[in-house]
There are 2 protein chains.
Amino acid sequence: MGITSKDIARICGVSRGTVDRALNNKPRIKQETKERILKTAQELGYRPDLIARSLVTGKTMSLGVVVFDIRNRYFAQLLNSIEITAKKRGYFVNITLQEKDPYMEIKLIDSLVDRRVDGIILCPVNKGDGVGEYLRNLPIPLVVVGNFISPGIPFIGIDEFKAASDAFKLIVSKGYQRIVFVCPPLADKDKENIYSHEKRLEGFMAAAEQMKAIEHIVIDNWDYMNEIKKLVKKNDLKTAFFCSGDTFALEIMKLFRSLKITIPDQVGIMGFDYIDTLEYVTPALSTIYNPVSEIGSKAVETLIDLIEGKEVEPYLLIEHKIIMGESL
Amino acid sequence: MGITSKDIARICGVSRGTVDRALNNKPRIKQETKERILKTAQELGYRPDLIARSLVTGKTMSLGVVVFDIRNRYFAQLLNSIEITAKKRGYFVNITLQEKDPYMEIKLIDSLVDRRVDGIILCPVNKGDGVGEYLRNLPIPLVVVGNFISPGIPFIGIDEFKAASDAFKLIVSKGYQRIVFVCPPLADKDKENIYSHEKRLEGFMAAAEQMKAIEHIVIDNWDYMNEIKKLVKKNDLKTAFFCSGDTFALEIMKLFRSLKITIPDQVGIMGFDYIDTLEYVTPALSTIYNPVSEIGSKAVETLIDLIEGKEVEPYLLIEHKIIMGESL
DNA sequence: TTGAAAGCGCTAACAG
DNA sequence: CTGTTAGCGCTTTCAA
């Protein structure tokens, strides 16, 4: 395509080895020839062919990322922080979307490996020992975010269990007598990795166990809107809806608005994740801050450490935080 | 790293050329040997090294993308559609973020070229003949989305001018007597490419010119919140705020909520872009649907056509659409 | 301090 | 139908 190191060698009347020494400031070269080479390289607008370099070094300086979907706020923020951190460390990112297709997920990981990315960040839809085994046998390092897969594959996320039980307790402290855990993804338990939601459920149940005076209900299917409609009719106990994701909470708020049910006077509501959409909705939703940017940058750092052969934390939890809005 | 075509050749007792013919089903090979080779390749789990292939073919089957930011809804949707379309066509996507830094933008384009991507999709922050010249001289094709740069560089976007004047007319038809065009990016005219906003302004002004009975005001700075506060005090004419971006509209709605000014009873408001956040805000914002997914997929199609040496539309406009909400 | 040669894994051209 | 050879552009020995 353009000008190669061979051209420079020829023009400067030196060998390609010497050009390499000058260009990548390696030792054992005379200052004078070095300068001469650099000068002509500059003048000719020489740019090294990174593909050729990769072939010999075995490094591409790029990271592969596999997630569901970018339109999802959670992933948009995650990818943003991954890209920025990677760039800072001199890496490029190859973003691929599996659209919640387990088969596609594997295909994408394979093609990233074929393209010789130096490592992969995965938010898995697959689960089970099979994938665990498969991932551990990859020829390049991989870290998992959000949904845990199995020990031996570095994981970065939050303490979902604690976050959910913290939320439960907070809601109780606000005087609610019935708490409904709204978690539609539970319906997909068999076909998808919904580790984070399962952990949230566990945290919710553990807290409920501790506080038996509080009635608790779990909604674990995608027809949650209708279930909620029925629930709000029997207006006996002071009820809060704790949603395993802000979007569910937003949908429910929309429903309540149409039913003329006011929040928090008639029912309470709490979300999870603190997606940026919340900035513009009223009443402000109480939720749990999911530190997705930190997760993204830690994932990159961990992955690069792994690439460089360093030891890493196999299971890294980032602090979450409760955000008090006006919806409780 | 793994098993190479050389290994297969050795094991099958044939030459590498023959292996190549089998693997990439090229002609001039006996069916029998082909099957034998494919079988052993399969058994050994052979995967071609795409880097090595790229070095010789000169193609990487990947597209570079340069945009501001992924957290921005507009870009999140754009990138989503770019990735999906590219994948369909067998291409990978390298996403890079320039964070509105013109210098970084050039650096990123250069590194994408160094990495030998086959083409680039750019939403530029740079402007002017200098960049135009620079981009036209790239060794690979490039298409521009959103902000036009200069003729000769294929562009994909919407008819901003018409969209804005359509909006003006719609607002007038709702009985408003004063229309305020809120467009803070105009303040950055000198340092950034804000083509789309400038065109919107032109469309607004052209419509205002046609309908002289309507008072029109332009707010072109980032202190727009205070200007609007002042404006709403003088409650003489029926006023609507037409924002050159939904996020400005959302900010203003938030302001009005805090000032107890009701929409649309006391003031009207209109946005631009139809970002997905709108789904959860009330009252539903009237806005202009910016077909960003179509723009993304068309950008990929155009770029691939260019890569394949086909002729393309140099200036492609996608249809916008007015979305009627409850805010007017 | 520099040059020469080998090789990364693949494809492509030309012989056989 | 198959083998041989060359070469993509770079880095990396080893020798001078």
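Only heavy atoms go into these numbers, but all of them, side chains included; no hydrogens, no water, no symmetry mates. Naming: A, B, ... by sequence-line order, numbering from 1 per chain.
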Of all the heavy-atom pairs spanning [X] and [Y], show the shortest one and how long it is.
X: A:M61; Y: B:R115; result: O-NH2, 3.0 Å
X: B:Y46; Y: B:T4; result: CE1-C, 3.6 Å
X: B:G45; Y: B:I3; result: O-CG2, 3.9 Å
X: B:P102; Y: B:V125; result: CA-CG1, 3.7 Å

Rounded to the Å, how far apart are [X] [atom1] and [N] [atom2]?
X: B:I3; N: C:dC8; atom1: CD1; atom2: C1'; answer: 16 Å
X: A:D49; N: D:dG7; atom1: CG; atom2: C1'; answer: 14 Å
X: A:D7; N: D:dG9; atom1: CG; atom2: P; answer: 9 Å
X: A:R53; N: C:dG9; atom1: CZ; atom2: P; answer: 18 Å
X: B:L55; N: C:dC8; atom1: CG; atom2: P; answer: 13 Å
X: A:R115; N: C:dG9; atom1: CZ; atom2: P; answer: 18 Å
X: B:M61; N: C:dC10; atom1: CE; atom2: P; answer: 18 Å
X: A:K6; N: C:dG3; atom1: NZ; atom2: C1'; answer: 16 Å

Short of 4.0 Å, heavy atom to strand atom, which residues of residues 27-48 of chain A count as contacting DNA chain C?
A:R28, A:I29, A:K30, A:T33

Among residues 12-25 of chain A, which contact DNA chain C at a heavy-atom distance under 4.0 Å?
A:G13, A:V14, A:S15, A:T18, A:R21

Could you tell me whether a side-chain N or O of A:K107 sits under 3.5 Å from a main-chain N or O of A:Q98, the two making a donor and an acceptor?
no

Would you say a side-chain N or O of B:S5 is under 4.0 Å from OP1 or OP2 of C:dG9?
no

Please confirm whether the ring centroid of B:Y315 lies under 6.0 Å from the ring centroid of B:F148.
yes

Is any side-chain heavy atom of A:I11 less than 4.5 Å from a side-chain heavy atom of A:L44?
yes

Once you apply a heavy-atom cut-off of 4.0 Å, does B:K26 come out as touching a base, just sugar-phosphate, or nothing?
sugar-phosphate

Might you work through the side-chain contact (heavy atoms from CB on, under 4.5 Å) test for A:L79 and A:I70, ending with a clear yes or no?
CA-CA 8 Å; A:L79 293 171; A:I70 314 188; 3.9 Å; yes

Do A:S150 and A:R136 meet the criterion of a side-chain donor-acceptor pair at a distance under 3.5 Å?
yes

